[in-house]
Protein chains: 2
Amino acid sequence: MKILIIEDEVELLISISNFLTRETFICELAESYAKADDKLAIYEYDIILLDITLPDGNGIELLRSIKKHQKKAGVIIISAKNSLDDKIKGLDLGADDYITKPFYLSELNSRIKAVLRRKQFDGTSILTYNEISVNTESRTVIIKGSAIILTKKEYDLLLFFIINKNRVLTKEAIAEHLWEDSIDMADTYDFIYTHLNNLRKKIRAAGGADYIKTLYGMGYKFTDQ
Amino acid sequence: MKILIIEDEVELLISISNFLTRETFICELAESYAKADDKLAIYEYDIILLDITLPDGNGIELLRSIKKHQKKAGVIIISAKNSLDDKIKGLDLGADDYITKPFYLSELNSRIKAVLRRKQFDGTSILTYNEISVNTESRTVIIKGSAIILTKKEYDLLLFFIINKNRVLTKEAIAEHLWEDSIDMADTYDFIYTHLNNLRKKIRAAGGADYIKTLYGMGYKFTDQ
DNA sequence: GGGTATCTTTAGAATTCCTTTAGAATTGAT
DNA sequence: ATCAATTCTAAAGGAATTCTAAAGATACCC
């Protein structure tokens, strides 16, 4: 299940993301409407969490556009305690639920589950690319029918690749997604090399093709072409 | 799903009802035992929320009568914080769960879901995974034909694992489900290690396989694969 | 082709996380 | 009120992962 979180308080954004990732959701983050717009143009999401009181634009507008272009997504509005108007407008415009700050992450979680249930998603979430498939609930990776065992970082890396298949991923982008807390280590990316190598080795050992292509000087791309 | 809410504080009654209606339950309300009796005589419910401390009569009596005449219904007891006796009596009398005032509606919601989930397991309320089977009515666990004795925490842990078999459960998720009241203990999860260890030991001693797999850095998973 | 920058691979150090044990604190039962 | 059982805390030791470092390989540019 793929979730887009639109929230300008970066701390809250990160903590929501960490929490939902632990709940086996795949999260993408946007701390401004501009970034949200970019993501919304490219991907489809199952759930969109929208802080309607962001400083840089009109949340109601964004919601309207979401309902138009991402019809399948469930939308949960995050709003400050007093902005009751927004709540009502939001629900009128077709948001599926709302939650007021501050909230417990567990409450957010149960609301997401409820929305998904109402939308009648089947719950399991399996991503596939040719002979490789990843089950995000059991965190298992199957290659040619048999499971391979990955460490956390290897799994995160592979998932990030599969979600972004056929797109160039710079080392910086990878580092940001996998090590979001400490981005300031940016002088060297040696650690990526190591994990990448381990991941490639394990995929190779299981008979999977070498989908992780190196683009010299640019980054990497997960593709069969 | 049809829910009967028995609660004398009318404001609370209404707000529970509104919330659960949004969650797509069908709610009926009773603000006294007399009214509750009337409803219970006519309809069948899936869930009955029972405030056991109502002024106009003996809640324990009503519960007894519910268990007799509405066998299919799951019963969740609402009680004031200090009336521990009622809690215990309630559970002894076959209530499926209890919740103390004040509570978050989302918590009530997840408890309702949990009770429904437990009830839905083929009606018999016996969960099985290979040689392990759990009877949620008698709260007994059978491994290879013979019963093992678990403490409450060990039992809850095992049940949580079996309900979520083949899913990765993070320590945070486990803590939230088993210790939902006090989430602020979140700096360490040592207590999980202890109970997990005890549970594993007992399963092992009874000849059960080691289904509780550790996923280093991620959590745990109950599976035979 | 030589030189430089970038990437791959390996090995081991450092770190983080998990298991286990023992005992203290708490809870419940008699 | 006392005793027994359960739950939680703390700490030692072990295991797995992650990171660092460095040598070798490859691609790019002139």
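Everything numeric in this text was worked out from a predicted model, so none of it was measured. So that the names make sense, note that chain A is the first sequence line, chain B the second, and so on, each numbered from 1. Every heavy atom of this structure was used, including side-chain atoms; hydrogens, water molecules and symmetry mates were not.
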Quick one: are A:Leu105 and A:Phe103 in side-chain contact, heavy atoms under 4.5 Å?
yes
Is a donor-acceptor contact shorter than 3.5 angstrom present between the side chain of A:Tyr216 and the base of D:dT26?
no
B:Phe222 ring centre to B:Lys165 NZ or CZ under 6.0 Å, with the angle to the axis within 45°?
no
Base, sugar-phosphate alone, or nothing: which one does B:Tyr220 contact when heavy atoms must sit under 4.0 Å apart?
sugar-phosphate
Look at the side chain of A:Lys171 and decide which nucleotide, out of C:dT19, C:dC7, D:dT20, has an atom nearest to it.
C:dC7
Over 60° means perpendicular and under 30° means parallel, so classify the ring planes of A:Trp179 and A:His195, tilted if in between.
tilted
Reckon A:Tyr193 has a side-chain N or O less than 4.0 Å from the OP1 or OP2 of C:dT8?
no
Between B:Arg200 and A:Lys201, who's closer to the 5' end of DNA chain C by nearest nucleotide?
A:Lys201
Measure the distance from NZ on B:Lys153 to C1' on C:dT26 and round it to the nearest whole Å.
13 Å
D:dC19 OP1/OP2 closer than 4.0 Å to side-chain N/O of A:Trp179:
yes
Under 4.0 Å between a side-chain N or O of B:Thr214 and OP1 or OP2 of C:dT19?
yes
For the side chain of A:Thr194 and the base of D:dT18, is some donor closer than 3.5 Å to an acceptor across the two?
no
Please tell me which of A:Asp190 and B:Asn198 maps to the more 5' nucleotide of DNA chain D, matching each residue to the nucleotide holding its nearest heavy atom.
B:Asn198
Are A:Asn197 and C:dT8 close enough that a side-chain N or O sits under 4.0 Å from OP1 or OP2?
no
CZ of A:Phe191 versus P of C:dA11: gap in Å, rounded?
22 Å
Does a salt bridge link B:Arg167 with A:Glu137, judged by any charged N lying under 4.0 Å from a carboxylate O?
yes
